[in-house]
Q: 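Just dropping this structure here.
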Amino acid sequence: MSANEQKDFRGSLVSSIASFGLEAVTEEQIERLTGHYRMLCRWNQRVNLTRIIKPEEAARFHYAESLFGASFIADEQSVLDIGSGAGFPAIPIAVARPDVQVTALEANNKKSLFLKEAKEALALTNFRVITARLEDFDWSGYELLTSRALERAEVILPSVIERLTPHNRLMLFCATELLGKLERQVKNIRIET
């Protein structure tokens, strides 16, 4: 990544965070998020992590949206990101909320390896990576489950929603079209937007 691309990303991240009405993040948090973006660009050349890599788009659609989601975490102390992929929203949440334990659940070995390398490079002590499919993983102990751009979401999420307990909350980063499908598939669902 060139110095100009890095500068563009940092500037776009700061302006995108402001456009969401979020509190400014610290310089250390900006540096960690920029470090993740550098890794993402490098890895994306050989592993398809995301199609959104331009500095301005990545800053807004990956990072600022994830940070916006982090602003809705109340007293929850444990977050499970289902199908974390390149680490969204898991890594920005872990960076923004060091008081919360964030787990990235990713079935794809290459993506999981990327997440593990990011954890080490960014020194995220509140972040862990589990390489497993949701169907094979006991997520009942997590207070907040997140999902963003989950492959086969309309197939996987109804069973997740039906298994939610009063102890769990689900935060989806998705289009209203998916919410409509989920409302039709799952009885007694309460969706807040």
Side-chain angles (χ1 to χ4, degrees), residues 1-20 22 24-71 73 79-98 100-134 137 145-153 171-175:
M1 170 193 313
S2 72
N4 283 342
E5 287 174 317
Q6 184 170 315
K7 184 179 176 186
D8 288 349
F9 175 78
R10 290 175 69 92
S12 295
L13 181 59
V14 170
S15 64
S16 292
I17 289 169
S19 75
F20 275 91
L22 300 172
V25 294
T26 67
E27 182 58 34
E28 178 186 345
Q29 290 169 324
I30 292 281
E31 187 54 41
R32 281 184 164 171
L33 296 172
T34 303
H36 180 255
Y37 176 65
R38 279 192 306 268
M39 291 180 67
L40 175 70
C41 290
R42 189 176 68 244
W43 271 71
N44 209 53
Q45 293 174 359
R46 58 184 198 265
V47 177
N48 183 25
L49 296 172
T50 179
R51 62 178 178 76
I52 300 172
I53 58 168
K54 291 183 180 173
E56 302 82 16
E57 293 176 348
R60 179 170 182 78
F61 297 117
H62 288 320
Y63 295 90
E65 281 186 7
S66 296
L67 293 171
F68 182 71
S71 71
I73 297 174
V79 174
L80 176 68
D81 184 23
I82 302 168
S84 195
F88 302 109
I91 288 179
I93 288 174
V95 168
R97 295 290 307 267
V100 174
Q101 293 299 311
V102 180
T103 301
L105 183 67
E106 177 54 56
N108 181 292
N109 284 322
K110 290 179 183 177
K111 292 177 181 179
S112 184
L113 184 60
F114 167 76
L115 292 169
K116 289 174 183 176
E117 187 174 304
K119 171 193 172 33
E120 295 305 315
L122 303 175
L124 293 174
T125 58
N126 65 325
F127 181 72
R128 72 180 184 143
V129 180
I130 296 179
T131 308
R133 296 176 55 80
L134 180 64
F137 183 73
L145 287 76
T146 64
S147 177
R148 180 179 182 271
L150 180 66
E151 201 172 299
R152 298 180 28 240
M171 181 188 312
L172 298 177
F173 294 74
C174 66

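Numbers here simply count residues along the sequence, with the first being 1.
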Q: Which residues pass the salt bridge (Lys or Arg N to Asp or Glu O under 4.0 Å) test with E5, not counting sequence neighbours?
A: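 Testing E5 for salt bridge (Lys or Arg N to Asp or Glu O under 4.0 Å), a comparison that skips the adjacent residues, returns none.
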Q: If you take all heavy atoms of K119 and T125, which pair is closest and at what distance?
A: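 Of all heavy-atom pairs spanning K119 and T125, the closest is NZ-CA, 4.3 Å.
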Q: In chain order, what residues pass the side-chain contact (heavy atoms from CB on, under 4.5 Å) check against S15, with sequence neighbours excluded?
A: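 Once residues adjacent in sequence are excluded, S15 has no partner under the side-chain contact (heavy atoms from CB on, under 4.5 Å) criterion.
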Q: The criterion is side-chain hydrogen bond (donor to acceptor under 3.5 Å, both in side chains); which residues satisfy it with S112, sequence neighbours excluded?
A: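 side-chain hydrogen bond (donor to acceptor under 3.5 Å, both in side chains) list for S112, sorted by chain: T131.
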Q: Roughly how far, to the nearest 0.5 Å, is CZ of F114 from CD of E106?
A: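 These two atoms lie 11.0 Å from each other.
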Q: Which pair of non-hydrogen atoms, one from S19 and one from R60, has the smallest distance, and what is that distance?
A: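 Here S19 and R60 meet closest at OG-NH1, 3.1 Å.
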Q: Could I get the full list of ring pair (Phe, Tyr, Trp, His ring centres under 6.0 Å) partners for Y37, not counting sequence neighbours?
A: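 Listed in chain order: F9.
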Q: Under 3.5 Å, which donor-acceptor pairs link side chains of residues 84-96 to any protein atom two or more places apart or in another chain?
A:
unit_1	atom_1	unit_2	atom_2	d
S84	OG	D81	OD2	2.7

Q: Taking all non-hydrogen atoms of both residues into account, name the closest pair between M39 and A121 and its distance.
A: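 Shortest heavy-atom contact: SD-CB, 3.7 Å.
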Q: Return each pair, listed once, that meets side chain to side chain donor-acceptor pair (under 3.5 Å) where at least one residue sits in residues 87-98; pairs must be two or more places apart or across chains.
A: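 Those involving residues 87-98 are R97-D99.
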Q: Tell me whether K116 at atom NZ has more than 12 heavy atoms from other residues, nucleotides or ligands lying less than 6.0 Å away.
A: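 Buried by this count: over 12 neighbours within 6.0 Å.
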Q: Going by the rule side-chain contact (heavy atoms from CB on, under 4.5 Å), which residues pair with E65 if we only count those two or more places apart in sequence or in a different chain?
A: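 In terms of side-chain contact (heavy atoms from CB on, under 4.5 Å), with neighbours along the sequence ignored, E65 is linked to F20, F61, R148.
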Q: Got a sec, which pairs hit salt bridge (Lys or Arg N to Asp or Glu O under 4.0 Å) with one end in residues 26-46, sequence neighbours left out?
A: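 Residue pairs passing salt bridge (Lys or Arg N to Asp or Glu O under 4.0 Å), neighbours aside: R10-E27, R10-E31, E28-R32, E31-R38, R42-E117.
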Q: Taking only residues two or more places apart in sequence or in another chain, which ones pass side-chain contact (heavy atoms from CB on, under 4.5 Å) with I130?
A: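 side-chain contact (heavy atoms from CB on, under 4.5 Å) list for I130, sorted by chain: T103, L105, R128, A132, F137, Y142.
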Q: Could you grab the distance from atom OG of S12 to atom NZ of K7, nearest 0.5 Å is fine?
A: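 Here the interatomic distance stands at 11.5 Å.
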Q: Would you mind telling me which of L115, N108, N44 makes a side-chain contact (heavy atoms from CB on, under 4.5 Å) with L49?
A: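 Of L115, N108, N44, side-chain contact (heavy atoms from CB on, under 4.5 Å) with L49 is met by N44 alone.
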Q: State which residues pass side-chain hydrogen bond (donor to acceptor under 3.5 Å, both in side chains) with S71; sequence neighbours excluded, sorted by chain then number.
A: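 side-chain hydrogen bond (donor to acceptor under 3.5 Å, both in side chains) list for S71, sorted by chain: empty.
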Q: Tell me the closest heavy-atom pair linking K110 and V47, and the distance in Å.
A: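 Nearest pair, atom of K110 first, then V47: CB-CG1, 4.1 Å.
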Q: Answer yes or no: is there a donor N or O on one side and an acceptor on the other, between the side chain of H62 and the main chain of I52, under 3.5 Å?
A: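 Checking the backbone N and O of I52 against the side chain of H62, a donor-acceptor pair under 3.5 Å is found.
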Q: How close do Q6 and T34 get, counting heavy atoms only, and between which atoms?
A: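 Heavy-atom minimum between the residues: CG-CG2, 3.7 Å.
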Q: Indicate the atoms forming the closest heavy-atom contact of V100 with N126, along with that distance.
A: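 It is O-ND2, 2.9 Å.
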Q: Of all residues at least two apart in sequence or in a different chain, which pass the side-chain contact (heavy atoms from CB on, under 4.5 Å) check with V14?
A: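 V14 satisfies side-chain contact (heavy atoms from CB on, under 4.5 Å) with I30 only.
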Q: For F127, what residues pass the ring pair (Phe, Tyr, Trp, His ring centres under 6.0 Å) criterion, not counting sequence neighbours?
A: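 Scan of F127 (ring pair (Phe, Tyr, Trp, His ring centres under 6.0 Å), adjacent residues dropped) gives none.
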